[in-house]
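Down below is the structure, laid out as structure tokens.
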Amino acid sequence: AKEAGKNCYVHFRPEMLAALLERTQLTAGLRRAVELGQIMVHYQPVISSDRLDVVQFEALARWEWDGELIPPDDFIETAERSGLIREIGAEVLRRSCTELAPWLAEDPFRSVAVNVSGVQLQHRDFAERVLDIAAWSGVDPHQLVLEVTESVFFDAHSHVIGQLETLREAGIRVALDDFGTGYSSLGRLQDLPVDVVKVDKSFVSMLHTGTEKLPILTSMIHMAHSLGLKVTAEGIETPAQARYLMDHGCDALQGFLFSRPEPAAARERAVRNSVAA
Ligand code: C2E
Ligand code: CA
Ligand code: CA
Ligand code: CA
């Protein structure tokens, strides 16, 4: 083989063709799935620490393909690269608002959270589309939460911040997902247009007994609170983790301990069982 770097092009290898075809097929398959309405949403409950009640559901996309469910980690990146994330994101929001509307209508403090990719925020009509879907479905914007990761603020055109501010003025809340895994989360937090931080599950998984001290976690919670933000912890799998997070002031809890993400139909049954347990 020739030395790489000598020429300013890369020699085409058979495995590159295979990867390219795979990617093309994945994109084509995903486009078809979007058209056929095969992007599904599963919901995972979020429990409030004070009322021990389900106060929110997070919407998580699933691709139903040939009787199987493909997890988002296998298609979100392709969706972002192809631009399909825009349609998928809108579909997840539409479905969430429709499927949870009756549950949301019962209590104004209930909410639904959807994940938003930075690619969606690049489009200047993003805020308008979100508000249109809320209006169309009759869901109060105060009951909608958009989860973004810190990266949307790094490559941010100024209109990204502007759109989030527009949405917040309309009552929609913004949550900073995977908090603690970025580079400068702690320092920049006070400048970001967010209402909630979601402590990443990698921090929660460091809690084993519930009696140990985890200063990084407690200072994340304190700092968020001192900035007037709410704190949700995700990835809670054991009662000891839930106990520790409640004792240290976490406002809301989420994880397999309470329920895995489930289709809307299985939602109420799953929650009843987990809260009873
Ligand atoms: P995320 O937003 O951080 O969502 C949390 C992920 O952790 C979910 O995986 C959830 O099923 C999983 N999880 C929840 N509780 C536990 C637990 O106790 N233990 C462990 N080990 N895992 C737990 P999922 O559904 O496979 O989603 C993966 C990622 O895909 C999400 O991470 C999010 O970044 C992305 N994603 C999902 N749906 C959408 C969507 O509609 N739009 C966009 N842009 N991204 C999405
Ligand atoms: Ca999330
Ligand atoms: Ca997360
Ligand atoms: Ca994530």
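In listed order, ligands and their atoms are each counted from 1. All residue numbers in this chain count up from 1 along the given sequence.
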**Item:** Proximity winner for atom 11 (O) of ligand 1, if only heavy atoms of Ser202, Ala175, Gly235, Pro261 are counted
**Value:** Pro261
**Request:** May I ask you to check if ligand 1 and Glu80 share an N or O to N or O distance below 3.5 Å?
**Result:** no
**Short N or O distance, Gln120 and ligand 1, threshold 3.5 Å exclusive** = no
**Asked** With a cut-off of 4.0 Å, which atoms of ligand 1 are near a heavy atom of Arg62?
**Response** 24 (P), 25 (O)
**Asked** Measuring from the heavy atoms of Arg260, does anything fall under 4.0 Å of ligand 1?
**Response** no
**Prompt:** What atoms in ligand 1 come closer than 4.0 Å to a heavy atom of Glu237?
**Reply:** 17 (C), 18 (O), 19 (N), 20 (C), 21 (N)
**Message:** Run the side chain to side chain contact (heavy atoms under 4.5 Å, CB included) test on Leu217 and Leu245 for me, step by step, so that the C-alpha distance in whole Å, both residues' side-chain angles and the decisive distance to 0.1 Å come before the verdict.
**Reply:** CA-CA 9 Å; Leu217 189 55; Leu245 290 157; 3.8 Å; yes
**Message:** For a 4.5 angstrom cut-off between non-hydrogen side-chain atoms, does Val231 reach His225?
**Reply:** yes
**Complete:** Per-atom filter on ligand 1: closer than 4.0 angstrom to a heavy atom of Ser117 are 44 (N)
**Request:** Between Lys198 and ligand 1, find which residue part has any heavy-atom pair under 4.0 Å and reply side chain, backbone, both or neither.
**Result:** neither
**Item:** Pi-cation contact, Phe126 with Arg129 (under 6.0 Å, within 45°)
**Value:** no
**Message:** I'd like the name of whichever of Lys201, Gln241, Glu58, Glu234 reaches closest to atom 6 (C) of ligand 1 through any heavy atom.
**Reply:** Lys201
**Residue pair Ala252 / Ser49: nearest heavy atoms and the distance that separates them** = N-OG, 3.8 Å
**Prompt:** Where's the contact between His42 and ligand 1, heavy-atom distance under 4.0 Å: side chain, backbone, both or neither?
**Reply:** neither
**Item:** Residue pair Ile47 / Ile236, side-chain heavy-atom distance below 4.5 Å
**Value:** no
**Fill in**
Filtering Asp73, Asn115, Leu69 for the heavy atom nearest atom 43 (C) of ligand 1 leaves Asn115
**Pair Glu35 + Arg32, salt bridge at N-O below 4.0 Å** = no
**Request:** Find all atoms of ligand 1 within a distance of less than 4.0 Å from any non-hydrogen atom belonging to Val92, and give their numbers and elements.
**Result:** 41 (O)
**Asked** What is the minimum heavy-atom distance between Thr181 and Phe203, and which atoms define it?
**Response** N-CE1, 4.3 Å
**Numbering as shown, the atoms of ligand 1 that approach Pro72 to under 4.0 Å (heavy-atom distance)** = 24 (P), 25 (O), 26 (O), 27 (O), 28 (C), 30 (O), 36 (N), 37 (C)
**Item:** For the Ca ion (ligand 2), the closest N/O/S atom belonging to Glu147
**Value:** OE1
**Item:** Flag side-chain contact, heavy atom, 4.5 Å: Val116 against Val152
**Value:** no
**Request:** State plainly whether the residues Arg23 and Glu77 are in salt-bridge range, i.e. N to O under 4.0 Å.
**Result:** no
**Message:** Does only the side chain of Leu60 get under 4.0 Å from ligand 1, or the backbone, or both, or neither? Count heavy atoms.
**Reply:** both
**Request:** Identify, by atom number and element, the atoms of ligand 1 in contact range of Gln44, meaning under 4.0 Å from any of its heavy atoms.
**Result:** 14 (C), 15 (N)
**Prompt:** Within Glu58, is some N, O or S atom less than 3.0 Å away from the Ca ion (ligand 2)?
**Reply:** yes
**Message:** So Leu167 and Val174, do their side chains get closer than 4.5 Å, heavy atoms only?
**Reply:** no
**Message:** Under 3.0 Å from the Ca ion (ligand 2), can any N, O or S atom of Asp177 be found?
**Reply:** yes
**Message:** Using a 4.0 Å heavy-atom cut-off, which part of Ile236 comes near ligand 1: side chain, backbone, both, or neither?
**Reply:** backbone
**Request:** Hey, can you tell me if His248 and Tyr244 have their rings parallel, tilted or perpendicular (30° and 60° cut-offs)?
**Result:** parallel
**Asked** Any N/O of Ala61 closer than 3.5 Å to an N/O of ligand 1?
**Response** yes
**Message:** Is the shortest side-chain heavy-atom distance between Tyr43 and Ser259 below 4.5 Å?
**Reply:** no
**Complete:** Under 4.0 Å from one or more heavy atoms of Asp178, ligand 1 contributes atoms 3 (O)
**Asked** Given Phe75, which of Leu84, Thr27, Leu30 fulfils the side-chain contact (heavy atoms from CB on, under 4.5 Å) condition?
**Response** Leu30
**Prompt:** With the Ca ion (ligand 3) at the apex, how many degrees lie between OE2 of Glu234 and OD1 of Asp178, rounded to 10 degrees?
**Reply:** 100°
